[in-house]
Amino acid sequence: MNHAQQLQNGIAEMGLDIPAGQQAKLLEYVGLLKKWNKTYNLTALRDETKMVSHHLLDSLSLLPYLNGAATVLDVGSGGGQPGIPAAVCRPGLQITLLDANTKKTAFLQQAVIELGLDNVRVVSGRVEAVQDVQADLITSRAFSELADFVGWTAHLLKPDGRWLAMKGVYPEDEIRRLPEFAEVVQTDEIRVPQLDAERHMVVMRKKAV
């Protein structure tokens, strides 16, 4: 099975509707990841087949949670997951990719140019120091513990916004350690095709004052 078929099958299993042009752009992104990985150390994965499952399909599990949003901040974006796949599939969304590693943000900027993603802005810096972003949704994939994630980004979330934390096993202890100002709205177990690992989406918001 080639990578295009692998991606197509995974998308179908997830019940997502992603046009062929966007699927081609997703594969182009994986090609860029592979090309620049040696220089920028973007991912431990070297196998393109695993990049499709672990980076593309895993990132695409975020898509159903983006409905109704206009702005998204992807914190600790690294090699661009889930922000770049989300930007490819939701061109109407304004997405900010944030990472403190300048090598990684250099790659992100290159990828944004080569993929023609007019809806993406790349910011290099520590999340606590960023001030000029206000987002409907703030997402992260394996960025930090939940308490740190919401604590470091609370000033960047709109009052009625949501945090979307993409986690592996159900983070029961992390949820218990959440600060007083944040609460969990829902936790969903997510099955990512071709990925033999637990995945959970933790949706949080600021408590009403």
S.K.: Residues in side-chain hydrogen bond (donor to acceptor under 3.5 Å, both in side chains) with Thr153, at least two apart?
M.R.: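 Thr153 satisfies side-chain hydrogen bond (donor to acceptor under 3.5 Å, both in side chains) with Trp163 once adjacent residues are dropped.
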S.K.: Are the side chains of Val75 and Trp152 in touch, meaning some heavy atoms are under 4.5 Å apart?
M.R.: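 Val75 does not reach Trp152 side chain to side chain.
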S.K.: Does a salt bridge link Asp196 with Arg191, judged by any charged N lying under 4.0 Å from a carboxylate O?
M.R.: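 Salt bridge flag = no for Arg191 with Asp196.
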S.K.: If you group Ile, Leu, Val, Met, Phe, Trp and Tyr by side-chain heavy-atom gaps below 4.5 Å, do Leu98 and Val112 land in one group?
M.R.: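 As far as the 4.5 Å side-chain criterion goes, Val112 and Leu98 are not connected within one cluster.
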S.K.: Checking the side chain of Gln134 only, and the main-chain atoms of His155 only, is there a donor and an acceptor separated by less than 3.5 Å?
M.R.: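 Between the backbone of His155 and the side chain of Gln134 there is a qualifying donor-acceptor contact (under 3.5 Å).
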S.K.: Restricting to side-chain hydrogen bond (donor to acceptor under 3.5 Å, both in side chains), what partner residues turn up for Glu189, sequence neighbours left out?
M.R.: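 In terms of side-chain hydrogen bond (donor to acceptor under 3.5 Å, both in side chains), with neighbours along the sequence ignored, Glu189 is linked to no residue.
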S.K.: Gln186 and Tyr65: side-chain donor and acceptor closer than 3.5 Å?
M.R.: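 Absent: no donor and acceptor within the cut-off.
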S.K.: Under 3.5 Å, side chain of Asp99 to main-chain N/O of Thr105, donor-acceptor pair present?
M.R.: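 Not a single qualifying donor-acceptor pair exists.
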S.K.: May I have all residue pairs that pass ring-ring contact (aromatic ring centres under 6.0 Å, His included) and include part of residues 190-209, sequence neighbours excluded?
M.R.: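 Applying ring-ring contact (aromatic ring centres under 6.0 Å, His included) to every pair that reaches into residues 190-209, excluding sequence neighbours, yields Tyr170-His200.
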S.K.: Kindly state each residue pair satisfying salt bridge (Lys or Arg N to Asp or Glu O under 4.0 Å) with at least one member in residues 147-161, sequence neighbours excluded.
M.R.: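 Non-adjacent pairs meeting salt bridge (Lys or Arg N to Asp or Glu O under 4.0 Å): Asp136-Lys158.
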S.K.: With a 3.5 Å cut-off and no angle check, do the side chains of Gln6 and Gln194 form a donor-acceptor pair?
M.R.: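 Their side chains do contain a donor-acceptor pair, which is all the 3.5 Å distance test asks for.
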S.K.: Any side-chain to backbone donor/acceptor pair from Lys25 onto Leu115? Under 3.5 Å, distance only.
M.R.: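 Such a contact is found between Lys25 side chain and Leu115 backbone.
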S.K.: Any salt bridge (Lys or Arg N to Asp or Glu O under 4.0 Å) pairs touching residues 55-84, not counting sequence neighbours?
M.R.: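 Those involving residues 55-84 are Asp58-Arg141, Asp58-Arg199.
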S.K.: List for me each residue that meets salt bridge (charged side-chain N to carboxylate O under 4.0 Å, His left out) alongside Glu145, sequence neighbours excluded, and say none if there are none.
M.R.: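 With sequence neighbours excluded, Glu145 shows a salt bridge (charged side-chain N to carboxylate O under 4.0 Å, His left out) to Arg177, given in chain and number order.
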